[in-house]
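What follows is a single structure, written as structure tokens, with notes after it.
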Amino acid sequence: MTTKAIDPTSVPAWQALSEAAVALGGITIRQLIDDEPGRADRTSLSAARVHLDFSRQRVTPAVVADLLQLAEETGVFDRRAQMLDGVHINTTEDRAVLHTALRRPRADSLIVDGVDVTAEVHGVLDRMAGFADAVRSGRWKGATGSPISSVINIGIGGSDLGPAMANLALEAFADTEIAFHFVSNVDPSDINLALRRCDPASTLVIVASKTFTTLETMTNAQAARAWLVAGLGESAVDRHFAALSTNEEAVRAFGIDPQNMFGFWDWVGGRYSMDSAIGLSTMIAVGPDGFSQMLDGFHAMDQHFATSPPEANLPVVMGLLEVWNRNFLGIPTTAVLPYSQYLARFPAYLQQLTMESNGKSVRWDGTPVSYATGGIYWGEPGTNGQHSFYQLLHQGTDPVACDIVVVARSESPHGDQQDMLVANALAQAAVLSRGRTAEEVAADGTPAALVPHKVMPGNRPTSMIMIDRLDPFTLGALIALYEHSVFVQGAVWGIDSFDQWGVELGKKVALGILADLTGHDSHPVDPSTDASIALYRRLR
Ligand code: F6P
């Protein structure tokens with residue numbers, strides 16, 4: 001039975017925060033920093049080797065206290081306990097939300113719906129480790145006796161973005177010569193580009209799909225299968241295909257040997273699945289030990305989230321700051337700016353995690369929201385973004401909150417390049433938050449006519465997230481930090497962060513249009529679409 005969701009605007013803390021936002025008036029981040037000695041000490045939190053400094057957020061200590069009260073009054077902590085215990089908090093799909101069980105230590109059993117999920121998780125991890133070791137060591141041979149030198153992961157959304165992001169993030173830890181390719185788009189160029197770079201005799205194709213019905217993935221998987229069969233014959237499929245899925249029947253129907261299938265469960269959401277069997281390509285890259293260190297990092301952040309007091313709890317505070325920026329300061333978007341080329345795919349990964357989770361307009365009981373929910377997340381690594389879109393961050397008319405992610409130690413140091421990189425990250429954080437006044441610009445001797453162009457408004461709420469080193473452990477901890485921050489936001493807003501009904505209609509309509517384009521069926525869609533179909537027919 002669906003419990004009634006709390007309307008967050010009805011609780012006293014929401015009212016207090018609305019008044020606090022008005023009282024803040026024109027007080028800037030610069031003033032808050034300058035007027036509060038020792039602020040950075042009070043706004044710095046650490047857990048699992050991740051350090052968060054929110055001194056550059058536009059909050060006073062009283063606002064932080066009210067935000068923590070908001071979490072209390074909207075039931076965030078009860079909902080957290082329900083999630084961790086396996087209650088079916090994904091109500092619209094009647095599912096538990098248990099990605100935290102994917103990283104529980106072996107001895108830490110958890111019984112949900114009568115099943116020891118920890119034992120099941122470790123059963124799959126053990127099988128994955130055996131398979132990954134065999135592939136890595138060359139013991140796993142292709143149909144002609146060649147070891148595997150290329151892995152193609154075919155998946156989309158959560159079955160692509162997580163492993164693609166992690167494999168790049170951990171490339172310095174990939175102690176194998178195997179080349180990895182990630183194919184997601186139904187655009188035939190995507191699969192063709194990968195196939196062109198591979199030799200069927202030494203290629204392992206991993207079909208990653210929770211449902212094993214996703215159009216893009218199944219189409220690309222069929223294309224890869226046809227390529228393999230054309231090169232090596234039908235009997236080669238067993239040695240060259242593996243499947244990561246919850247749908248054993250569909251995997252068998254596709255013709256993949258169940259021995260090469262690694263399963264997971266309906267309580268793992270696609271965008272929360274990179275640490276499940278979906279991470280097989282990551283495990284092949286960094287080895288079972290590296291993968292296990294990543295799970296340890298996830299788990300350390302999970303433990304911190306589960307047990308630390310709210311005011312010292314990184315995901316709780318980070319999630320609440322997002323609520324403050326979104327609902328009380330009216331900031332619609334957050335730029336994620338990792339100062340690490342290894343984290344180049346991190347913003348894309350976070351786009352799905354944040355926006356597919358919290359882009360909702362009704363609460364979990366179906367009642368409409370009257371307040372903003374999930375913000376728009378996007379970004380690019382620094383320093384590249386500085387030479388592209390930062391102009392708008394600094395002087396545009398839309399306020400953008402920023403998460404700057406800094407990795408202290410480089411995995412491939414070269415001269416003082418790492419210091420250069422970090423100097424830029426710190427400089428951007430200072431300028432985004434503090435800006436530059438007309439007086440300061442004029443004092444530099446800037447001609448009067450240019451002064452307005454050089455004024456930097458600042459006041460962009462900025463969080464600094466720093467880790468000592470990007471390794472499997474910190475990557476896991478960093479991702480868990482965002483997962484739980486997303487949870488906190490969704491819990492305050494009373495929404496189901498774990499369904500994604502909004503993506504279904506487009507898929508259905510596309511199938512109807514496809515039938516039209518391929519001449520199997522023809523029926524008008526709407527005047528604009530019909531006109532586009534006609535134009536496409538003329539052009540193709
Ligand atoms: O279309 C959205 C979605 O369902 C995502 O939530 C999911 O990660 C992706 O598609 C892929 O789904 P699957 O793993 O079942 O192929």
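Order of appearance sets the numbers: ligands from 1, and atoms from 1 within every ligand. All heavy atoms count here, side chains included; hydrogens, waters and symmetry mates do not.
Comparing Glu504, Gln500, Glu356 by heavy-atom distance to atom 5 (C) of ligand 1, the nearest is Glu356.
For ligand 1, the polar-atom distance check against Gly158 finds a nitrogen or oxygen pair separated by under 3.5 Å. The shortest N or O to N or O distance between Thr217 and ligand 1 is not under 3.5 Å.
Under 4.0 Å from ligand 1, heavy atoms of Thr211 appear from its side chain as well as its backbone.
Closest to atom 11 (C) of ligand 1 among all protein heavy atoms lies Ile156 O, 3.2 Å.
For the pair Arg252 and Glu249, the salt-bridge criterion is not met [side-chain N within less than 4.0 Å of a carboxylate O]. Taking 4.0 Å as the cut-off between side-chain N and carboxylate O, Asp516 and Arg537 count as a salt-bridged pair.
Using bins of under 30°, 30° to 60° and over 60° for the plane-to-plane angle, the ring pair Phe498/His99 lands in the tilted bin. Note on ring orientation: taking the six-membered ring where Trp is involved, the planes of Phe262 and Phe131 are tilted (angle from 30° to 60°). Note: Trp378 and Phe389 have perpendicular aromatic rings, judged against thresholds of 30 and 60 degrees for the angle between ring planes.
Ligand 1 lies less than 4.0 angstrom from a heavy atom belonging to Lys507. At least one heavy atom of Gln352 sits less than 4.0 Å from an atom of ligand 1.
Atoms of ligand 1 lying under 4.0 Å from at least one heavy atom of Thr214, given by number and element, are 12 (O), 13 (P), 15 (O), 16 (O).
Aromatic pair Tyr482/Phe346: ring centres closer than 6.0 Å.
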